[in-house]
There are 2 protein chains.
Amino acid sequence: MTEQRPRTRIQKRNTAAIFEAALEVFSQHGFRGATLDQIAKAAGLSKPNLLYYFPSKEAIHVALLSKLMDTWLDPLRALDADGEPIEELLAYVRRKLQMSRDFPRESRLFANEIVQGAPRMIAAIEGELKALVDEKAALIEGWIAAGKIAAVHPYHLIFSIWSLTQHYADFDVQVRAILGGETVDPFPQAEEYLETLFTRLLSPVTGQV
Amino acid sequence: MTEQRPRTRIQKRNTAAIFEAALEVFSQHGFRGATLDQIAKAAGLSKPNLLYYFPSKEAIHVALLSKLMDTWLDPLRALDADGEPIEELLAYVRRKLQMSRDFPRESRLFANEIVQGAPRMIAAIEGELKALVDEKAALIEGWIAAGKIAAVHPYHLIFSIWSLTQHYADFDVQVRAILGGETVDPFPQAEEYLETLFTRLLSPVTGQV
DNA sequence: CGTAATCCTGACCATTTGGTCAAACTTATT
DNA sequence: AATAAGTTTGACCAAATGGTCAGGATTACG
(Lines give C-alpha, C1' and ligand atoms only; values in the text may rest on other atoms or scores of the structure.)
Protein backbone atom coordinates (compact mmCIF):
# COMPACT_ATOMS: atom_id res chain seq x y z
CA MET A 1 0.00 0.00 0.00
CA THR A 2 1.23 3.44 -0.84
CA GLU A 3 -0.84 6.57 -0.44
CA GLN A 4 -3.99 5.63 -2.29
CA ARG A 5 -7.37 5.86 -0.69
CA PRO A 6 -8.42 2.77 1.23
CA ARG A 7 -10.36 0.31 -0.89
CA THR A 8 -11.43 -2.66 1.15
CA ARG A 9 -13.55 -2.62 4.27
CA ILE A 10 -10.61 -3.76 6.38
CA GLN A 11 -8.33 -1.10 4.99
CA LYS A 12 -10.90 1.51 5.77
CA ARG A 13 -11.30 0.36 9.34
CA ASN A 14 -7.59 0.01 10.01
CA THR A 15 -6.38 3.21 8.44
CA ALA A 16 -9.05 5.03 10.43
CA ALA A 17 -7.82 3.35 13.61
CA ILE A 18 -4.26 4.25 12.74
CA PHE A 19 -5.09 7.90 12.15
CA GLU A 20 -6.96 8.08 15.43
CA ALA A 21 -4.11 6.40 17.29
CA ALA A 22 -1.46 8.49 15.58
CA LEU A 23 -3.31 11.68 16.41
CA GLU A 24 -3.49 10.66 20.05
CA VAL A 25 0.15 9.69 20.31
CA PHE A 26 1.79 12.32 18.10
CA SER A 27 -0.15 15.18 19.65
CA GLN A 28 0.86 14.05 23.11
CA HIS A 29 4.52 13.31 22.53
CA GLY A 30 5.53 15.00 19.29
CA PHE A 31 6.98 13.19 16.32
CA ARG A 32 10.19 12.10 17.92
CA GLY A 33 8.60 11.28 21.24
CA ALA A 34 6.03 8.97 19.69
CA THR A 35 6.92 5.35 19.03
CA LEU A 36 5.51 2.92 16.52
CA ASP A 37 4.74 0.54 19.36
CA GLN A 38 2.59 3.14 21.09
CA ILE A 39 0.71 3.89 17.90
CA ALA A 40 0.28 0.22 17.04
CA LYS A 41 -1.00 -0.55 20.51
CA ALA A 42 -3.40 2.39 20.48
CA ALA A 43 -4.69 1.29 17.09
CA GLY A 44 -5.06 -2.31 18.23
CA LEU A 45 -2.61 -3.57 15.64
CA SER A 46 0.76 -5.24 15.70
CA LYS A 47 3.73 -3.15 14.69
CA PRO A 48 4.38 -5.07 11.45
CA ASN A 49 0.73 -4.77 10.61
CA LEU A 50 0.91 -1.05 11.14
CA LEU A 51 3.79 -0.97 8.71
CA TYR A 52 1.72 -2.91 6.25
CA TYR A 53 -0.52 0.13 5.92
CA PHE A 54 2.12 2.82 6.05
CA PRO A 55 5.71 2.44 4.92
CA SER A 56 7.20 4.34 7.87
CA LYS A 57 6.58 6.39 10.96
CA GLU A 58 7.22 9.54 9.00
CA ALA A 59 4.66 8.52 6.38
CA ILE A 60 2.00 8.19 9.09
CA HIS A 61 2.85 11.61 10.42
CA VAL A 62 2.80 13.28 7.04
CA ALA A 63 -0.45 11.59 6.03
CA LEU A 64 -2.05 12.63 9.30
CA LEU A 65 -0.97 16.25 8.98
CA SER A 66 -2.16 16.60 5.44
CA LYS A 67 -5.43 14.88 6.24
CA LEU A 68 -6.14 17.27 9.11
CA MET A 69 -4.89 20.41 7.43
CA ASP A 70 -8.08 20.78 5.43
CA THR A 71 -10.44 20.59 8.36
CA TRP A 72 -8.17 22.84 10.29
CA LEU A 73 -8.54 25.65 7.82
CA ASP A 74 -12.27 25.39 7.39
CA PRO A 75 -13.11 28.11 9.93
CA LEU A 76 -10.98 30.61 8.05
CA ARG A 77 -12.35 29.52 4.67
CA ALA A 78 -15.82 30.21 5.99
CA LEU A 79 -15.01 33.89 6.50
CA ASP A 80 -17.60 35.39 4.22
CA ALA A 81 -17.06 38.49 2.15
CA ASP A 82 -20.76 39.11 2.04
CA GLY A 83 -21.42 39.00 5.76
CA GLU A 84 -21.35 41.85 8.22
CA PRO A 85 -17.59 42.34 8.76
CA ILE A 86 -17.34 42.50 12.53
CA GLU A 87 -19.85 39.73 12.99
CA GLU A 88 -17.97 37.61 10.44
CA LEU A 89 -14.70 38.06 12.28
CA LEU A 90 -16.27 37.40 15.66
CA ALA A 91 -17.86 34.28 14.25
CA TYR A 92 -14.46 33.18 12.99
CA VAL A 93 -13.01 33.67 16.46
CA ARG A 94 -15.87 31.66 17.94
CA ARG A 95 -15.42 28.82 15.46
CA LYS A 96 -11.70 28.77 16.08
CA LEU A 97 -12.17 28.68 19.83
CA GLN A 98 -14.57 25.76 19.41
CA MET A 99 -11.92 23.92 17.49
CA SER A 100 -9.60 24.38 20.45
CA ARG A 101 -12.24 23.02 22.75
CA ASP A 102 -13.39 20.16 20.57
CA PHE A 103 -10.16 19.22 18.82
CA PRO A 104 -7.31 20.03 21.17
CA ARG A 105 -5.26 17.12 19.91
CA GLU A 106 -5.26 18.46 16.39
CA SER A 107 -4.19 21.84 17.69
CA ARG A 108 -1.35 20.33 19.68
CA LEU A 109 -0.27 18.20 16.77
CA PHE A 110 0.25 21.31 14.66
CA ALA A 111 1.75 23.23 17.56
CA ASN A 112 4.34 20.54 18.16
CA GLU A 113 5.23 20.51 14.52
CA ILE A 114 5.47 24.25 14.03
CA VAL A 115 7.37 24.97 17.24
CA GLN A 116 10.03 22.62 16.03
CA GLY A 117 10.33 24.40 12.72
CA ALA A 118 7.56 22.63 10.80
CA PRO A 119 10.01 20.28 9.03
CA ARG A 120 7.19 18.24 7.56
CA MET A 121 4.73 21.05 6.96
CA ILE A 122 6.64 24.01 5.65
CA ALA A 123 5.54 23.34 2.08
CA ALA A 124 1.87 23.33 3.02
CA ILE A 125 2.33 26.50 5.04
CA GLU A 126 4.06 28.36 2.23
CA GLY A 127 1.58 27.06 -0.30
CA GLU A 128 -1.96 26.27 0.67
CA LEU A 129 -2.06 28.14 3.95
CA LYS A 130 -0.34 31.27 2.71
CA ALA A 131 -2.66 31.41 -0.30
CA LEU A 132 -5.71 31.23 1.91
CA VAL A 133 -4.40 33.83 4.32
CA ASP A 134 -3.45 36.15 1.48
CA GLU A 135 -6.97 35.91 0.15
CA LYS A 136 -8.61 36.59 3.49
CA ALA A 137 -6.21 39.38 4.35
CA ALA A 138 -7.21 41.10 1.14
CA LEU A 139 -10.83 40.72 2.14
CA ILE A 140 -10.11 42.28 5.50
CA GLU A 141 -8.25 45.16 3.88
CA GLY A 142 -11.33 45.73 1.78
CA TRP A 143 -13.42 46.00 4.91
CA ILE A 144 -10.97 48.44 6.40
CA ALA A 145 -10.92 50.56 3.25
CA ALA A 146 -14.70 50.61 3.33
CA GLY A 147 -14.63 51.82 6.91
CA LYS A 148 -16.50 48.75 8.11
CA ILE A 149 -13.90 47.85 10.70
CA ALA A 150 -11.09 49.75 12.37
CA ALA A 151 -7.71 49.84 10.66
CA VAL A 152 -5.45 47.02 11.79
CA HIS A 153 -2.74 45.01 10.12
CA PRO A 154 -4.78 42.18 8.57
CA TYR A 155 -2.08 39.51 8.77
CA HIS A 156 -1.42 40.24 12.40
CA LEU A 157 -5.13 40.25 13.04
CA ILE A 158 -5.25 36.70 11.74
CA PHE A 159 -2.17 35.73 13.74
CA SER A 160 -3.79 37.12 16.84
CA ILE A 161 -6.94 35.08 16.29
CA TRP A 162 -4.86 31.98 15.89
CA SER A 163 -2.70 32.57 18.91
CA LEU A 164 -5.48 33.61 21.23
CA THR A 165 -7.74 30.71 20.41
CA GLN A 166 -5.16 27.95 20.04
CA HIS A 167 -3.61 28.97 23.32
CA TYR A 168 -6.55 27.38 25.09
CA ALA A 169 -5.80 24.04 23.46
CA ASP A 170 -2.01 24.09 23.30
CA PHE A 171 -1.42 25.47 26.77
CA ASP A 172 -4.44 23.87 28.35
CA VAL A 173 -2.52 22.46 31.32
CA GLN A 174 -1.14 25.85 32.15
CA VAL A 175 -4.45 27.62 31.78
CA ARG A 176 -6.17 25.15 34.06
CA ALA A 177 -3.36 25.09 36.58
CA ILE A 178 -3.45 28.85 36.93
CA LEU A 179 -7.20 29.18 37.01
CA GLY A 180 -7.07 26.75 39.90
CA GLY A 181 -9.69 24.15 40.77
CA GLU A 182 -10.73 21.63 38.17
CA THR A 183 -14.28 22.90 38.54
CA VAL A 184 -13.65 25.73 36.14
CA ASP A 185 -14.21 25.33 32.43
CA PRO A 186 -12.02 28.02 30.87
CA PHE A 187 -13.84 28.13 27.57
CA PRO A 188 -16.95 30.14 28.41
CA GLN A 189 -14.77 32.78 30.08
CA ALA A 190 -12.42 32.72 27.14
CA GLU A 191 -15.26 33.20 24.70
CA GLU A 192 -16.56 36.19 26.55
CA TYR A 193 -13.10 37.70 26.89
CA LEU A 194 -12.26 37.23 23.23
CA GLU A 195 -15.56 38.65 22.13
CA THR A 196 -14.88 41.76 24.16
CA LEU A 197 -11.34 41.98 22.89
CA PHE A 198 -12.15 41.73 19.21
CA THR A 199 -15.23 43.90 19.45
CA ARG A 200 -13.21 46.70 20.98
CA LEU A 201 -10.35 46.17 18.58
CA LEU A 202 -12.43 46.11 15.43
CA SER A 203 -15.24 48.55 16.04
CA PRO A 204 -14.65 51.52 13.78
CA VAL A 205 -13.51 54.53 15.77
CA THR A 206 -16.24 57.08 15.14
CA GLY A 207 -16.24 60.75 15.96
CA GLN A 208 -12.62 60.73 17.12
CA VAL A 209 -10.13 63.47 16.22
CA MET B 1 28.14 16.43 41.10
CA THR B 2 24.57 16.87 42.13
CA GLU B 3 22.76 20.18 42.02
CA GLN B 4 25.14 22.44 43.89
CA ARG B 5 26.43 25.66 42.38
CA PRO B 6 29.59 25.30 40.37
CA ARG B 7 32.74 25.84 42.42
CA THR B 8 35.80 25.61 40.29
CA ARG B 9 36.58 27.67 37.22
CA ILE B 10 36.25 24.62 34.98
CA GLN B 11 32.89 23.68 36.43
CA LYS B 12 31.65 27.17 35.85
CA ARG B 13 32.75 27.18 32.25
CA ASN B 14 31.41 23.72 31.47
CA THR B 15 28.04 24.00 33.15
CA ALA B 16 27.52 27.27 31.31
CA ALA B 17 28.41 25.56 28.03
CA ILE B 18 26.04 22.72 28.85
CA PHE B 19 23.15 25.06 29.61
CA GLU B 20 23.71 26.94 26.38
CA ALA B 21 23.93 23.72 24.39
CA ALA B 22 20.93 22.19 26.11
CA LEU B 23 18.85 25.29 25.45
CA GLU B 24 19.75 25.15 21.79
CA VAL B 25 19.03 21.46 21.40
CA PHE B 26 16.00 21.05 23.67
CA SER B 27 14.25 24.12 22.28
CA GLN B 28 14.72 22.85 18.76
CA HIS B 29 13.79 19.22 19.22
CA GLY B 30 11.91 18.92 22.48
CA PHE B 31 12.97 16.70 25.35
CA ARG B 32 12.49 13.40 23.62
CA GLY B 33 13.85 14.62 20.33
CA ALA B 34 17.09 15.84 21.85
CA THR B 35 19.95 13.41 22.35
CA LEU B 36 22.82 13.52 24.79
CA ASP B 37 25.23 13.27 21.90
CA GLN B 38 23.80 16.40 20.31
CA ILE B 39 24.04 18.31 23.56
CA ALA B 40 27.53 17.05 24.28
CA LYS B 41 28.72 18.00 20.82
CA ALA B 42 27.14 21.44 21.02
CA ALA B 43 28.78 21.97 24.39
CA GLY B 44 32.14 20.77 23.13
CA LEU B 45 32.27 17.90 25.60
CA SER B 46 32.26 14.14 25.38
CA LYS B 47 29.10 12.37 26.44
CA PRO B 48 30.62 10.81 29.55
CA ASN B 49 32.00 14.17 30.48
CA LEU B 50 28.56 15.68 30.09
CA LEU B 51 27.27 13.05 32.49
CA TYR B 52 30.00 13.96 34.91
CA TYR B 53 28.28 17.29 35.39
CA PHE B 54 24.70 16.12 35.32
CA PRO B 55 23.47 12.70 36.35
CA SER B 56 21.04 12.30 33.46
CA LYS B 57 19.39 13.87 30.45
CA GLU B 58 16.34 14.62 32.53
CA ALA B 59 18.46 16.37 35.16
CA ILE B 60 19.84 18.70 32.51
CA HIS B 61 16.36 19.49 31.28
CA VAL B 62 14.98 20.14 34.73
CA ALA B 63 17.94 22.27 35.74
CA LEU B 64 17.63 24.30 32.56
CA LEU B 65 13.91 24.89 33.00
CA SER B 66 14.20 25.97 36.57
CA LYS B 67 17.16 28.20 35.79
CA LEU B 68 15.26 30.01 33.04
CA MET B 69 11.92 30.19 34.81
CA ASP B 70 13.03 33.14 36.89
CA THR B 71 14.17 35.30 34.00
CA TRP B 72 11.10 34.32 32.12
CA LEU B 73 8.80 35.77 34.70
CA ASP B 74 10.68 39.00 35.22
CA PRO B 75 8.55 41.03 32.81
CA LEU B 76 5.41 40.14 34.74
CA ARG B 77 7.08 40.76 38.09
CA ALA B 78 7.94 44.23 36.91
CA LEU B 79 4.27 45.14 36.52
CA ASP B 80 4.11 48.03 38.91
CA ALA B 81 1.12 48.81 41.11
CA ASP B 82 2.20 52.42 41.33
CA GLY B 83 2.49 53.11 37.63
CA GLU B 84 -0.15 54.38 35.26
CA PRO B 85 -2.26 51.23 34.64
CA ILE B 86 -2.60 51.23 30.87
CA GLU B 87 0.98 52.30 30.36
CA GLU B 88 2.11 49.59 32.80
CA LEU B 89 0.24 46.91 30.89
CA LEU B 90 1.44 48.16 27.52
CA ALA B 91 4.98 48.18 28.84
CA TYR B 92 4.51 44.60 29.98
CA VAL B 93 3.36 43.64 26.50
CA ARG B 94 6.38 45.37 25.01
CA ARG B 95 8.79 43.63 27.37
CA LYS B 96 7.19 40.29 26.65
CA LEU B 97 7.39 40.83 22.91
CA GLN B 98 11.07 41.70 23.28
CA MET B 99 11.61 38.45 25.06
CA SER B 100 10.11 36.67 22.08
CA ARG B 101 12.42 38.54 19.79
CA ASP B 102 15.56 38.23 21.88
CA PHE B 103 15.03 34.85 23.51
CA PRO B 104 12.99 32.73 21.15
CA ARG B 105 14.76 29.56 22.23
CA GLU B 106 13.62 30.03 25.79
CA SER B 107 10.08 30.58 24.60
CA ARG B 108 10.15 27.45 22.48
CA LEU B 109 11.65 25.44 25.28
CA PHE B 110 8.70 26.24 27.49
CA ALA B 111 6.24 25.85 24.63
CA ASN B 112 7.51 22.37 23.86
CA GLU B 113 7.22 21.43 27.48
CA ILE B 114 3.76 22.81 28.10
CA VAL B 115 2.20 21.55 24.88
CA GLN B 116 3.19 18.08 25.94
CA GLY B 117 1.53 18.46 29.30
CA ALA B 118 4.38 20.10 31.22
CA PRO B 119 5.47 16.81 32.84
CA ARG B 120 8.58 18.38 34.29
CA MET B 121 7.14 21.80 35.06
CA ILE B 122 3.68 21.33 36.43
CA ALA B 123 4.86 21.89 40.00
CA ALA B 124 6.45 25.21 39.16
CA ILE B 125 3.35 26.27 37.25
CA GLU B 126 1.00 25.41 40.08
CA GLY B 127 3.31 26.97 42.63
CA GLU B 128 5.56 29.86 41.73
CA LEU B 129 3.83 30.89 38.51
CA LYS B 130 0.29 30.66 39.84
CA ALA B 131 1.25 32.70 42.90
CA LEU B 132 2.70 35.45 40.77
CA VAL B 133 -0.27 35.49 38.41
CA ASP B 134 -2.71 35.55 41.32
CA GLU B 135 -0.91 38.56 42.73
CA LYS B 136 -0.89 40.46 39.47
CA ALA B 137 -4.47 39.53 38.66
CA ALA B 138 -5.50 41.07 41.96
CA LEU B 139 -3.60 44.20 41.04
CA ILE B 140 -5.41 44.37 37.71
CA GLU B 141 -8.76 43.89 39.41
CA GLY B 142 -7.88 46.82 41.61
CA TRP B 143 -7.28 48.95 38.54
CA ILE B 144 -10.59 47.86 37.08
CA ALA B 145 -12.45 48.60 40.31
CA ALA B 146 -10.83 52.03 40.34
CA GLY B 147 -12.04 52.63 36.79
CA LYS B 148 -8.50 53.03 35.51
CA ILE B 149 -8.90 50.38 32.83
CA ALA B 150 -11.86 48.76 31.17
CA ALA B 151 -13.38 45.69 32.80
CA VAL B 152 -11.84 42.48 31.51
CA HIS B 153 -11.19 39.11 33.03
CA PRO B 154 -7.71 39.65 34.53
CA TYR B 155 -6.50 36.07 34.15
CA HIS B 156 -7.54 35.93 30.54
CA LEU B 157 -5.94 39.29 29.98
CA ILE B 158 -2.66 37.81 31.15
CA PHE B 159 -3.18 34.69 29.05
CA SER B 160 -3.80 36.88 26.04
CA ILE B 161 -0.59 38.80 26.58
CA TRP B 162 1.32 35.54 26.80
CA SER B 163 -0.23 33.97 23.76
CA LEU B 164 0.00 37.04 21.55
CA THR B 165 3.62 37.76 22.32
CA GLN B 166 4.97 34.22 22.52
CA HIS B 167 3.28 33.40 19.25
CA TYR B 168 5.97 35.41 17.47
CA ALA B 169 8.69 33.22 18.96
CA ASP B 170 6.99 29.84 19.03
CA PHE B 171 5.39 30.03 15.59
CA ASP B 172 8.12 32.12 14.04
CA VAL B 173 8.48 29.87 10.97
CA GLN B 174 4.81 30.15 10.23
CA VAL B 175 4.67 33.89 10.75
CA ARG B 176 7.58 34.46 8.42
CA ALA B 177 6.34 32.00 5.83
CA ILE B 178 3.00 33.72 5.64
CA LEU B 179 4.34 37.25 5.66
CA GLY B 180 6.39 36.17 2.68
CA GLY B 181 9.85 37.46 1.77
CA GLU B 182 12.65 37.18 4.29
CA THR B 183 13.06 40.92 4.07
CA VAL B 184 10.29 41.51 6.56
CA ASP B 185 10.98 41.70 10.27
CA PRO B 186 7.64 40.83 11.86
CA PHE B 187 8.41 42.41 15.20
CA PRO B 188 7.95 46.11 14.53
CA GLN B 189 4.59 45.36 12.91
CA ALA B 190 3.68 43.11 15.79
CA GLU B 191 4.57 45.77 18.31
CA GLU B 192 2.39 48.33 16.60
CA TYR B 193 -0.48 45.88 16.24
CA LEU B 194 -0.34 44.78 19.86
CA GLU B 195 -0.14 48.33 21.10
CA THR B 196 -3.30 49.15 19.17
CA LEU B 197 -5.00 46.01 20.36
CA PHE B 198 -4.35 46.48 24.04
CA THR B 199 -4.94 50.21 23.97
CA ARG B 200 -8.40 49.67 22.50
CA LEU B 201 -9.10 46.79 24.81
CA LEU B 202 -8.07 48.49 28.00
CA SER B 203 -9.05 52.12 27.57
CA PRO B 204 -11.92 52.79 29.93
CA VAL B 205 -15.19 53.17 28.08
CA THR B 206 -16.29 56.69 28.91
CA GLY B 207 -19.62 58.32 28.24
CA GLN B 208 -21.22 55.14 26.97
CA VAL B 209 -24.77 54.06 27.80
C1' DC C 1 -15.19 -24.40 -3.51
C1' DG C 2 -10.85 -23.23 -5.03
C1' DT C 3 -7.62 -19.83 -5.78
C1' DA C 4 -5.78 -15.27 -5.90
C1' DA C 5 -5.42 -11.24 -3.30
C1' DT C 6 -5.26 -9.28 0.92
C1' DC C 7 -4.10 -9.18 5.70
C1' DC C 8 -1.45 -10.43 9.78
C1' DT C 9 2.30 -12.20 12.79
C1' DG C 10 6.51 -13.99 15.25
C1' DA C 11 11.03 -13.78 14.87
C1' DC C 12 14.62 -11.11 13.76
C1' DC C 13 17.95 -7.19 12.74
C1' DA C 14 20.75 -2.84 12.80
C1' DT C 15 21.02 1.41 14.83
C1' DT C 16 20.38 4.72 18.21
C1' DT C 17 20.46 6.09 22.67
C1' DG C 18 20.88 6.85 27.77
C1' DG C 19 24.05 5.61 30.82
C1' DT C 20 28.41 3.13 33.29
C1' DC C 21 33.19 2.45 34.54
C1' DA C 22 37.99 1.95 35.16
C1' DA C 23 41.76 4.20 34.02
C1' DA C 24 44.28 8.23 32.53
C1' DC C 25 45.09 12.96 32.51
C1' DT C 26 44.95 17.93 34.71
C1' DT C 27 44.88 21.15 38.10
C1' DA C 28 45.25 22.81 42.73
C1' DT C 29 47.48 22.53 47.19
C1' DT C 30 51.03 21.90 50.54
C1' DA D 1 57.66 17.66 43.88
C1' DA D 2 54.41 14.94 45.83
C1' DT D 3 49.83 14.10 46.36
C1' DA D 4 45.12 14.80 46.53
C1' DA D 5 41.17 16.49 44.14
C1' DG D 6 38.97 17.28 40.12
C1' DT D 7 38.30 16.35 35.07
C1' DT D 8 38.18 13.62 30.81
C1' DT D 9 37.88 9.68 27.86
C1' DG D 10 37.52 5.16 25.22
C1' DA D 11 35.33 1.13 25.55
C1' DC D 12 31.38 -0.89 26.73
C1' DC D 13 26.42 -2.23 27.89
C1' DA D 14 21.36 -2.95 27.92
C1' DA D 15 17.22 -1.30 26.36
C1' DA D 16 14.47 0.91 23.03
C1' DT D 17 13.24 1.64 18.52
C1' DG D 18 12.32 1.77 13.40
C1' DG D 19 11.99 -1.45 10.18
C1' DT D 20 12.23 -6.30 7.51
C1' DC D 21 10.75 -10.80 6.02
C1' DA D 22 9.06 -15.35 5.17
C1' DG D 23 5.25 -17.68 5.88
C1' DG D 24 0.60 -18.40 7.69
C1' DA D 25 -4.31 -16.91 8.16
C1' DT D 26 -8.21 -14.69 6.26
C1' DT D 27 -11.14 -12.72 2.86
C1' DA D 28 -12.92 -11.76 -1.72
C1' DC D 29 -14.43 -13.60 -5.86
C1' DG D 30 -15.12 -16.23 -10.19
Side-chain angles (χ1 to χ4, degrees), chain A residues 1-65 112-113 116 119-120, chain B residues 1-65 112-113 116 119-120:
Chain A
M1 246 194 73
T2 49
E3 310 107 55
Q4 279 101 43
R5 312 257 130 250
R7 284 144 209 271
T8 78
R9 190 183 349 147
I10 295 177
Q11 272 176 48
K12 228 173 190 169
R13 186 207 339 130
N14 284 348
T15 52
I18 291 170
F19 277 131
E20 163 63 26
L23 173 58
E24 184 70 24
V25 176
F26 280 134
S27 70
Q28 212 165 111
H29 304 287
F31 178 75
R32 192 62 162 41
T35 73
L36 286 178
D37 286 293
Q38 284 176 306
I39 298 172
K41 192 180 171 188
L45 301 174
S46 67
K47 188 167 58 166
N49 200 13
L50 187 75
L51 290 165
Y52 170 73
Y53 290 97
F54 289 91
S56 68
K57 181 181 172 183
E58 176 144 5
I60 301 175
H61 195 240
V62 170
L64 181 64
L65 286 173
N112 262 308
E113 180 69 7
Q116 295 184 15
R120 277 165 282 275
Chain B
M1 247 194 70
T2 49
E3 310 107 57
Q4 279 101 44
R5 310 259 133 249
R7 281 139 214 273
T8 76
R9 192 184 346 150
I10 294 177
Q11 272 176 48
K12 228 173 192 170
R13 186 206 340 130
N14 284 346
T15 51
I18 291 170
F19 276 131
E20 163 63 25
L23 173 58
E24 183 69 24
V25 176
F26 280 134
S27 69
Q28 213 166 110
H29 304 286
F31 178 75
R32 193 59 162 41
T35 72
L36 286 179
D37 286 293
Q38 284 176 306
I39 299 172
K41 192 180 171 187
L45 300 175
S46 67
K47 188 168 58 168
N49 200 12
L50 187 74
L51 291 165
Y52 169 73
Y53 290 98
F54 290 91
S56 69
K57 181 182 171 182
E58 177 144 4
I60 300 175
H61 196 239
V62 170
L64 181 64
L65 286 172
N112 261 308
E113 180 69 7
Q116 295 185 13
R120 278 165 281 276

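Values below: every heavy atom of this structure, side chains too, minus hydrogens, waters and symmetry copies. Here is how names work: the chains are called A, B, and so on, in the same order as the sequence lines, proteins then strands, and each is numbered from 1.
Minimum atom distance to the side chain of A/Pro48 is reached by C/dA11, of the listed C/dA11, C/dC7, C/dT20. Considering only the side chain of B/Ser46, D/dT9 comes nearest among D/dT27, D/dT8, D/dT9. The side chain of A/Leu36 lies closest to D/dG18, out of D/dA28, D/dG6, D/dG18. Of the candidate nucleotides D/dG6, C/dC8, C/dT27, C/dC8 has the atom nearest to the side chain of A/Tyr52.
Across all strands shown, A/Ala59 has no heavy atoms under 4.0 Å from either base or sugar-phosphate atoms. At the heavy-atom level, B/Leu51 lies under 4.0 Å from base atoms of the strands shown. When heavy atoms are screened at a 4.0 angstrom cut-off, B/Ala34 is found touching the sugar-phosphate backbone but no base atom.
Whole-Å rounding puts the A/Leu50 CG to C/dG10 P distance at 15 Å. Separating the NZ atom of B/Lys41 from the P atom of C/dT16 is a distance of 14 Å, rounded to the nearest angstrom. One interatomic measurement links the two molecules: NE2 of B/His29 to P of C/dT17, which rounds to 11 Å at whole-angstrom precision. In this structure, CD1 of B/Ile60 is placed 15 Å from P of C/dT17, rounded to the nearest angstrom. Atom pair B/Asp37:CG and C/dT15:C1' shows a separation of 12 Å (rounding to whole Å applied). Separating the CD atom of A/Gln38 from the P atom of D/dG18 is a distance of 9 Å, rounded to the nearest angstrom. Atom pair A/Ile18:CD1 and C/dC7:P shows a separation of 11 Å (rounding to whole Å applied). In this structure, B/Arg13 atom CZ and C/dT27 atom P are separated by 9 Å, rounded to whole Å.
B/Asn49 has a side-chain polar atom (N or O) that falls below the 4.0 Å cut-off from OP1 or OP2 of D/dT9. The shortest distance between the side-chain N/O atoms of B/Tyr53 and the OP1/OP2 oxygens of D/dT8 is below 4.0 Å. A close approach under 4.0 Å does not occur between any side-chain nitrogen or oxygen of B/Gln11 and OP1 or OP2 of D/dG6. Under 4.0 angstrom from either OP1 or OP2 of C/dC7 there lies at least one side-chain N or O belonging to A/Thr8.
Minimum interatomic distance between B/Phe54 and B/Ile18 (heavy atoms only, all atoms of both residues): CE1-CG2, 3.7 Å. Nearest heavy atom pair, residue B/Ala43 against residue B/Ala17, reads CB-O, 3.7 Å. Here the shortest heavy-atom pairing between B/Gln116 and A/His29 reads NE2-O, 3.4 Å. The two residues A/Lys12 and A/Thr15 make their nearest non-hydrogen contact at O-OG1, 3.2 Å.
Taking the nucleotide of DNA chain C with the nearest heavy atom to each of B/Gly33 and A/Asn14, the more 5' of the two is matched to A/Asn14. Between A/Leu45 and A/Arg32, the residue anchored closer to the 5' end of DNA chain C is A/Leu45, taking for each the nucleotide with the nearest heavy atom.
B/Arg120 and B/His61 share a donor-acceptor pair across their side chains, judged by distance under 3.5 Å alone.
With hydrogens and angles left out, the side chain of A/Lys57 and the base of D/dG19 share no donor-acceptor pair within 3.5 Å.
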Practice task
In sequence, state the C-alpha distance, the side-chain angles, and the governing distance for A/Val25 and A/Lys41, and then conclude on side chain to side chain contact (heavy atoms under 4.5 Å, CB included).
Solution key: CA-CA 10 Å; A/Val25 176; A/Lys41 192 180 171 188; over 6 Å; no

